[in-house]
Amino acid sequence: MTTNYDEDDFLDEDNEPQDVVKQLRKVNRTLEKRMKELEAEANTLKSQTRQRTVKDVLTAKGVNPKVAAFIPQDIEISEEAVTAWLNENGDVFGINKTEAAKEETRAATNPAFAAQKRINEVVSTGTPPGVDEDSMARILNAKSSAELNDILGVSVY
């Protein structure tokens, strides 16, 4: 049994060598376009992350967030780097280094101070308790049944 292969059987007339190069160029253009889109998206996200980090650090330090516009772009995105820059250049913006350093030292050495600072932050952004919350707190903190009856307005004869 002999097999005779004709060269024409192996050549697909639809896929000529020139057509393959065109297809590869088209795929290459598509991939380059996608790569540029992804790079633009990555740059946008990196910028947003940097802005958010810098704003959070400045807010935590009690500094006006508008100072972020003056922080150089070449500083890495970390709390330590922003704090170091702020300590170095804070006097330009009227930020007293000694107060910030004292506060950080007190917070690090005294856990009660750190807890009080957290409480102050919550209180400054929180809302006062409503009538129901205040009443419930009084009920829960009652020391005796007579005090509880006074709070509830119950008369015992």
> Do Val21 and Val27 share a hydrophobic cluster, counting only Ile, Leu, Val, Met, Phe, Trp and Tyr and linking them when any side-chain heavy atoms are less than 4.5 Å apart?
Replying inline: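 No: no chain of side-chain contacts under 4.5 Å links Val21 to Val27.
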
> Is Leu38 reachable from Leu45 through a run of I, L, V, M, F, W or Y residues, each pair having side-chain heavy atoms under 4.5 Å apart?
Replying inline: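 No, separate clusters.
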
For the residue pair [X] and [Y], what are the closest heavy atoms and their distance?
X: Phe70; Y: Trp85; value: O-CZ2, 3.6 Å
X: Val82; Y: Val54; value: CG2-CG2, 3.9 Å
X: Ile75; Y: Ala81; value: CG2-CB, 3.7 Å

>> For the CD atom on Glu41, are there more than 12 heavy atoms of other groups (residues, nucleotides or ligands in this structure) within a distance under 6.0 Å?
In response: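 Atom CD in Glu41 is not crowded, with 12 or fewer foreign heavy atoms closer than 6.0 Å.
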
Pairwise distance [atom1]([X]) to [atom2]([Y]) - rounded to 0.5 angstrom:
X: Asn87; Y: Glu80; atom1: CG; atom2: CD; result: 12.0 Å
X: Lys36; Y: Leu31; atom1: NZ; atom2: CG; result: 12.5 Å
X: Glu79; Y: Leu58; atom1: CD; atom2: CG; result: 10.5 Å
X: Leu148; Y: Asn141; atom1: CG; atom2: CG; result: 11.5 Å

>> Can a donor-acceptor pair be found, under 3.5 Å and without considering hydrogens, that links the side chain of Ser47 to the backbone of Asn43?
In response: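 It does not hold such a pair.
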
> If only atom types and distance count, is the side chain of Asn149 paired as donor or acceptor with the main-chain N or O of Ser145 below 3.5 Å?
Replying inline: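 Here the side-chain-to-backbone pair exists.
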
>> Applying side-chain contact (heavy atoms from CB on, under 4.5 Å) to Ile71 and Arg50, what does each step give before you reach the verdict?
In response: CA-CA 11 Å; Ile71 297 177; Arg50 182 185 186 286; 3.6 Å; yes

>> Let's go through Leu86 and Val63 carefully: what are the C-alpha distance in whole Å and the side-chain angles of both, what is the deciding distance for side-chain contact (heavy atoms from CB on, under 4.5 Å) to 0.1 Å, and is it a yes or a no?
In response: CA-CA 9 Å; Leu86 194 59; Val63 178; 3.8 Å; yes

>> Strictly below 4.0 Å, N to O, side chains only: are Arg29 and Glu32 in salt-bridge contact?
In response: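 No, no charged N to carboxylate O under 4.0 Å.
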
>> salt bridge (charged side-chain N to carboxylate O under 4.0 Å, His left out) for Arg34 and Glu37? Distances and angles first, verdict last.
In response: CA-CA 5 Å; Arg34 179 71 177 143; Glu37 290 173 357; 3.6 Å; yes

